[in-house]
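First up is the structure itself, then whatever we jot down about it.
Order of the sequence lines fixes the chain letters, A, B, ..., with proteins taken first and strands second; residue numbering starts at 1 for each chain. When reading the values below, keep in mind they use all heavy atoms of this one structure, side chains included, and skip hydrogens, waters and symmetry mates.
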Number of protein chains: 2
Amino acid sequence: MAANKLDRSLIRNLMIFQQMSDEDLDNVLAMASVRQLPEGGSAFTQGEPATEFFCLLNGRLKVVQTTPDGQQVVVRHVNPGDIFGIAKAMRRTEYPATAVAIVESLALAWKSTQWEAFIARSPTLALNALQTVGQRLQDAHSRIRELSTEEVERRVAHAVLRLVQQAGKKTDEGILIDFPVTRQDIAEMTGTTLHTVSRVMTAWEAKGLVQSSRKKVIVIDPHRLYVLAEHSE
Amino acid sequence: MAANKLDRSLIRNLMIFQQMSDEDLDNVLAMASVRQLPEGGSAFTQGEPATEFFCLLNGRLKVVQTTPDGQQVVVRHVNPGDIFGIAKAMRRTEYPATAVAIVESLALAWKSTQWEAFIARSPTLALNALQTVGQRLQDAHSRIRELSTEEVERRVAHAVLRLVQQAGKKTDEGILIDFPVTRQDIAEMTGTTLHTVSRVMTAWEAKGLVQSSRKKVIVIDPHRLYVLAEHSE
DNA sequence: CGCGGGCTTGAACCTCGTCAAGAAGTGTGG
DNA sequence: CCACACTTCTTGACGAGGTTCAAGCCCGCG
């Protein structure tokens, strides 16, 4: 799909394109195509050649790694404004994971081969990308620390708080996670089973920390949840 | 310590400095200082301002995160040729972890403020850094997947194989990990306890997979260990 | 209204962490 | 060179936390 009617304002405020001139932005946009993803559709698939990279305009994705025996791990979530699928920029030839749309989503797509051209045009782009990837590395290390040292309840608390951070939406009942989340999803974020997540969350519900139903999570008392996540007791 | 007698060949072959001209290399070296680290000494400490970044010339470091309650997690190992402490390049103001010398080590150090100058001089440096950080991100995701889905024995197997990869040295008994490794270290790499690691490794020893003693690990049968790490059965 | 995907809950089981004690190396000072 | 202290490693017993297995419920949708 051609993209000649895209406006600069779409990407003007994105972290990654910070400090680029209007002209450069227009050039970048001219090379982009638009990709619409239905719920459940994937932008790219684990193991396939990394031919494109993306920037999410709206919607929400999860990036999933599947083990040989079929278990799934949610590596991270992609929020509007994030770039993703930049495997090729790290000189990997294949995507290491699959990006699945949680809700109907819209993304810009560029050919991987254009990455170098972008950099040449605007060197700060590389620095911005480095910062982005650096942040993700920090996040990954945090999760490693959590998985290594914390028990399930605290890990789930951290996961939910992270969701609040990324997609929290104030309502009069509390803070709603603004896209469908199943127990299974949370299990895949925390390295546990949907059963355990269910037990943990019903306990929280009894204590008035959260309120949840099918694919829906509302955090009633973020502060107490935070205390539970941090202070081990 | 001044470094005007450093030779280009020191860093000519390092991944990160690939494709730089001799002149640029000399410039980079001119700004470097040399840092010697005794065993147990640290190049930088978690939480302190990120004033420098480094490149390991020889020796071996581990990068450790400490939780508020004092538990430690080994984030990664630094091998000769690796750059480390590049927090500032990712626009973080503080080091997120501590780098401890496992054996006496020698590193080059630069002021963090010089990073931008380096990039300006040689833009490919940013791309190389991006690749390096990208690789680390992949590794981190692998560990997350392992911690989420695998049982202790397989995680320990993976950790040992990773050590072999990084510091394996052929001897007539088998492949020796070329620096001191305690059960505790392996526990901190795999999110378990030294007790469990000890049990696992004595079992392996009985099966003829490895041979180990105080701070020493020799892998006798890497292939069978690999099978154990991959094939869940 | 019935079907299916998601959620809950109990009970049995099992891995692994915790507690405890001691053995085997390593280093240090007299 | 020996004695003592310290660190590392081993091993057993026990129990808690979490997974697995199984059954059934609930809600939303066709």
Just the rounded figure in Å: distance from C1' of C:dG5 to CG of A:D185. 13 Å
Nearest whole angstrom, please: distance from the P of C:dC7 to the CH2 of A:W204. 15 Å
Lys/Arg N to Asp/Glu carboxylate O, A:R76 vs A:D139, below 4.0 Å: no
What is the distance, to the nearest angstrom, from the CD atom on B:Q71 to the C1' atom on C:dG17? 11 Å
Members of residues 210-218 of chain B that approach DNA chain D, where some heavy atom sits under 4.0 Å away: B:R214, B:K215
Look at A:S198 and C:dC7 and indicate whether a side-chain polar atom (N or O) is within less than 4.0 Å of OP1 or OP2. no
Spacing of A:Q166 atom CD and A:D178 atom CG [to the nearest 0.5 Å]: 12.5 Å
Do B:H195 and C:dT18 have a side chain to base donor-acceptor pair shorter than 3.5 Å? no
Show your reasoning for whether side chain to side chain donor-acceptor pair (under 3.5 Å) applies to B:Q135 and A:R92. CA-CA 9 Å; B:Q135 181 56 53; A:R92 310 208 63 71; 2.8 Å; yes
Could one point to a donor on the side chain of A:R199 or the base of D:dT20 with an acceptor on the other under 3.5 Å away? yes
B:R183 CZ to C:dG25 P: how many Å, rounded? 13 Å
Nearest whole angstrom, please: distance from the P of C:dT26 to the CD of B:E39. 14 Å
Whole-Å distance, B:M201 CE to D:dT11 P, equals 12 Å
Can you classify the ring geometry of A:F44 versus A:Y95 as parallel (below 30°), tilted (30 to 60°) or perpendicular (above 60°)? parallel
Ring pair (Phe, Tyr, Trp, His ring centres under 6.0 Å): which pairs involve residues 163-187 of chain A, sequence neighbours left out? A:H77-A:F179
Return the value, rounded to whole Å, for the distance between atom CG of A:D69 and atom C1' of D:dT20. 15 Å
Just to be sure I understand the rule, does B:T202 reach a base, reach only the sugar-phosphate, or reach nothing, if contact means heavy atoms closer than 4.0 Å? sugar-phosphate
Under 4.0 Å: is that the gap between some side-chain N or O of B:T193 and OP1 or OP2 of C:dG17? yes
Protein-nucleotide distance (A:I186, atom CD1; C:dG6, atom C1'), rounded to Å: 13 Å
Would you call A:E52 and A:K88 a salt bridge, taking side-chain N to carboxylate O under 4.0 Å as the test? no
Between the side chains of B:Q184 and B:Q72, is a donor N or O closer than 3.5 angstrom to an acceptor N or O? no
Report yes if at least one side-chain N or O of B:T196 is closer than 4.0 Å to OP1 or OP2 of C:dC16; otherwise report no. no
